There are 2 protein chains.
Amino acid sequence: MTTKYNTVRQAIKSKIIEGTYTPHQKISSESELMKEFSVSRHTVRLAIGDLVTEGWLYKEQGSGTFCADRSKINNNQVVGNQKNIAIITTYISDYIFPSIIRGAESRLSEEGYQVSIFSTNNDQNNERRILEKILSQKFDGVIVEPTKSGYSNPNINYYLNLERLSIPYIMINAYYDELEPISIVMDDEKGGFLQTDHLIKLGHENLIGFFKTDDTQGTKRMKGFLKAHRKNKIAINPSNIITYNTEEKNTKPMDELKKVLAVKNNAITGLVCYNDELAMKLLDILRTDNIQVPEDISIVGYDDSFLAEVSEVKLTTIEHPKSEMGEAAANTILDLIQSKNNGKSEEDFNGNSTVYAPNLTIRKSTRDISESKVTS
Amino acid sequence: MTTKYNTVRQAIKSKIIEGTYTPHQKISSESELMKEFSVSRHTVRLAIGDLVTEGWLYKEQGSGTFCADRSKINNNQVVGNQKNIAIITTYISDYIFPSIIRGAESRLSEEGYQVSIFSTNNDQNNERRILEKILSQKFDGVIVEPTKSGYSNPNINYYLNLERLSIPYIMINAYYDELEPISIVMDDEKGGFLQTDHLIKLGHENLIGFFKTDDTQGTKRMKGFLKAHRKNKIAINPSNIITYNTEEKNTKPMDELKKVLAVKNNAITGLVCYNDELAMKLLDILRTDNIQVPEDISIVGYDDSFLAEVSEVKLTTIEHPKSEMGEAAANTILDLIQSKNNGKSEEDFNGNSTVYAPNLTIRKSTRDISESKVTS
DNA sequence: TCCGATTTGTTCGTATGTATG
DNA sequence: GCATACATACGAACAAATCGG
């Protein structure tokens, strides 16, 4: 548990970092803060005292406590010519993220930058804490994979503050719509379309789609899933779209699949999966039910991760640029930093967002059933 | 008139400057100072608090307040209060490293440290460049996975320099023998022994061992391989030990295995692998040769990575602590930093190296052949 | 210029929690 | 277990500076 004066301290610091308090603005008086946080004056003074010694605030007796002008202080702190870049991802160790990080790291360290990594574990509170930390230090650029990009983001202010301090940042994999940042993403809608269209072309008409919808990747892939059905004039049973969020990813999709399999004469012949990780888990369910892939059911993954190649049934899946994307992100942020240092406006880089066109890699997890349909 | 807490402050400060209090000496307790200056405890704490933030004193709850070692602190405090730790690994994205990094990162960021990551790609030139960079900046601690620990290391000087600058560092997975650093490692010899002993206990007598010998993990595992043979009084055909280095890891072991398989009536029944990654590659070779695992040949991996569970034949393998090791590394470096700041000698931590005892996880890639031998 | 309200500065008292030896 | 020492928190009083009327 954190102490009271520390919560007060953090709350005030947050308001400064996110820009609620602007430089030289008077903050709430001690007695106001006492009421606001229901603490004694002593506690408020402790919190403020710390922030004063850290340079966030300054006080004037009889007048009030004021927000310090951080921008000037920062410039002094550029002791030494360290070049720092922060990478924020949802996860560090899982799945395709290590590859993305490596791609970025190798390129950035080539250019003499030091790379600091942060992971949010897909928790927006962690994202906020990390952004606060980044804002209170000296970074030349930030590469962000948004946390829960599917939801509205409570940390928008921090990103706007990055802009105010002219710290370039780019987003990878997804982006917050409200910000329209420079971004390096896949065309996820197209990807979802390709997954689905592939199966439909192979004669599948009864598909289930599983999509994680707390990030925009998932919602876009779902959109592609629908689009492919429409284009091929195949009706969708709404119950055949299963959405889940990060917290449910180890339970809900599997449970839902089990439910479907339990129904006799279910006509399901194909599964469209949010990603390879999920595909592997669903494969396990099918295996315990003695359902053969691709003989009985076809399955399509997404990301072309190591899982796709290492499994018993090699997965048909959508390619993800992974380390290439990391490198592209590095290059873009390097460009932005350089143009900033040359005093050019960021407008010059509006065209610099990258959208990767998805490609399908066909392996062994999908089967053409159009013939068998004809013959049967 | 000056304030009371300021007179107390000055009095203490004077005693430090004139040398009455020497570094790391305990100063009077708060209650003693209350009597001495006839002021309240609050006033004493104000004075002491200021001196702590200025770096003249440090406090230890339950123990007392101490005079800081001013000479060293000057060096550290110039930059400001960023807390930085560097992690150097051979690879970032591959295999078990992401898990190790995550374990360390989560613990360190919990404590407010910023984590910078560097990867050597197992190249000693890169290791040198990274160490140069770290030495020229302000890091509070370094976690290193040694590069090519099996070879003599040309960068020893840089590590000695870290010591000279009293920057604590620890090594994980392996260590350079010349340095005898604090380290967090596995008992790799025991691990190799367990791999081999397990197969021998199952009746296998003709084993091939594959070991990457440019790091000490490999040589130690090889040692365990030999030891298990000796203990069980089984002779080894020297040609059944295949060593390789990082550059050859995608070719040599596989080629050697193919050669062995090409020999008719080879009696090989088991493969002991440097790690799961190699085991998977060898599995692929066996698969293309239509050799069944474990029916025809048993195979043992090392590290209990995701590969062990995800493959067609679930691997019997040695457990690696992974993220737990990362956490332990983080805790150890945090301890070292704290003890350094308190002026304790590093000797207190000689016992702090950790050696994980390996455990065998038995899955489906090994088979007992002692019975079939009896019956045949 | 003075007054009074507000705001921060200094000081004391008290109580309880937690770590150390 | 106990004494010691620092950590956190609440309350109260008065001083000093500021600011608007």
Side-chain angles (χ1 to χ4, degrees), chain A residues 1-13 15-16 21 23-68, chain B residues 1-13 15-16 21 24-68 110-112 331 334-335 337-345 348-349:
Chain A
M1 193 211 91
T2 179
T3 57
K4 285 194 185 181
Y5 78 77
N6 210 34
T7 56
V8 176
R9 205 189 81 126
Q10 293 299 341
I12 297 172
K13 193 171 163 182
K15 285 196 179 174
I16 302 170
Y21 290 144
H24 306 299
Q25 183 189 339
K26 186 173 174 303
I27 74 165
S28 313
S29 72
E30 288 175 356
S31 50
E32 281 167 342
L33 290 169
M34 284 168 69
K35 281 178 210 154
E36 189 177 338
F37 294 99
S38 309
V39 293
S40 69
R41 180 156 173 237
H42 185 83
T43 307
V44 171
R45 284 182 60 78
L46 266 184
I48 291 178
D50 277 8
L51 291 172
V52 168
T53 56
E54 286 173 32
W56 294 95
L57 299 172
Y58 64 92
K59 306 203 265 186
E60 281 176 20
Q61 186 177 166
S63 175
T65 305
F66 304 85
C67 178
Chain B
M1 192 211 88
T2 180
T3 58
K4 284 195 185 181
Y5 78 77
N6 211 34
T7 56
V8 177
R9 204 187 83 122
Q10 293 299 343
I12 297 172
K13 195 169 163 182
K15 285 196 180 175
I16 301 171
Y21 290 144
H24 308 300
Q25 183 190 337
K26 187 173 176 303
I27 73 167
S28 313
S29 74
E30 290 176 354
S31 50
E32 283 167 342
L33 291 168
M34 282 168 70
K35 282 177 208 153
E36 190 176 336
F37 294 97
S38 308
V39 292
S40 74
R41 178 146 177 249
H42 193 89
T43 307
V44 172
R45 284 182 61 77
L46 269 183
I48 290 178
D50 277 7
L51 291 172
V52 168
T53 54
E54 286 172 31
W56 294 94
L57 299 172
Y58 65 92
K59 304 202 266 189
E60 277 179 24
Q61 186 177 164
S63 176
T65 305
F66 303 85
C67 178
E110 229 175 71
E111 295 292 324
N331 284 326
L334 289 170
D335 279 354
I337 291 169
Q338 216 207 332
S339 79
K340 182 195 117 191
N341 289 344
N342 294 354
K344 287 175 191 159
S345 78
D348 305 345
F349 285 86

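Not measured: the values here are computed from a predicted model. Both backbone and side-chain heavy atoms feed into the values below; hydrogens, waters and symmetry mates do not. Residue numbering restarts at 1 for every chain, and letters A, B, ... go by the order of the sequence lines.
B:Gln61 pairs by the side-chain contact (heavy atoms from CB on, under 4.5 Å) definition with nothing, not counting sequence neighbours. Not a single side chain to side chain donor-acceptor pair (under 3.5 Å) links A:Thr65 to another residue, sequence neighbours left out. Considering only residues two or more places apart in sequence or on other chains, A:Tyr5 meets the ring pair (Phe, Tyr, Trp, His ring centres under 6.0 Å) condition with none of them. Every residue meeting the side-chain contact (heavy atoms from CB on, under 4.5 Å) condition with B:Ser40, not counting sequence neighbours, appears here in chain and number order: B:His42, B:Thr43.
Here C:dA15 presents its P atom at 16 Å from NE2 of A:His42, a figure rounded to the nearest Å. In this structure, CZ of A:Arg9 is placed 11 Å from P of D:dT8, rounded to the nearest angstrom. Remark: C1' of D:dG20 and NZ of A:Lys26 are 14 Å apart, rounded to the nearest angstrom. The CZ-C1' distance, from A:Arg45 to D:dA7, rounds to 18 Å in whole Å. Atom pair B:Leu57:CG and D:dA5:P shows a separation of 16 Å (rounding to whole Å applied). One atom, OH of B:Tyr58, and another, P of D:dC6, lie 13 Å apart when rounded to the nearest Å. Regarding B:Tyr5, its OH atom lies at a distance of 12 Å from the C1' atom of C:dT8, rounded to whole Å. Distance CG (B:Leu46) to C1' (C:dC12): 12 Å, rounded to an integer number of Å.
Considering NZ of B:Lys4 and CZ of B:Phe37, their distance stands at 12.5 Å, rounded to 0.5 Å. Once rounded to the nearest 0.5 Å, the distance linking CG of B:Leu57 with CD1 of B:Ile16 reads 4.5 Å. In this structure, A:Leu46 CG and A:Arg9 CZ are separated by 11.0 Å, a value rounded to the nearest 0.5 Å.
Closest approach of B:Lys59 to B:Ile48, counting heavy atoms only: CD-CG2, 3.9 Å. For the residue pair A:Tyr58 and A:His24, the shortest heavy atom distance occurs at OH-ND1, 3.1 Å.
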Per-nucleotide protein contact along nucleotides 12-18 of chain D, 5' to 3', at a 4.0 Å heavy-atom cut-off (B base, S sugar-phosphate only, - neither), is -B--BBB
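For DNA chain D, the residues of residues 27-39 of chain A within the heavy-atom distance limit of 4.0 Å (strictly under) are A:Val39, sorted by number.
When the side-chain nitrogen and oxygen atoms of A:Thr65 are compared with OP1 and OP2 of C:dT8, one or more of them lie within a distance under 4.0 Å. A close approach under 4.0 Å does occur between a side-chain nitrogen or oxygen of B:Lys4 and OP1 or OP2 of C:dC12. OP1 and OP2 of D:dA5 both lie 4.0 Å or more from every side-chain N or O belonging to B:Lys59.
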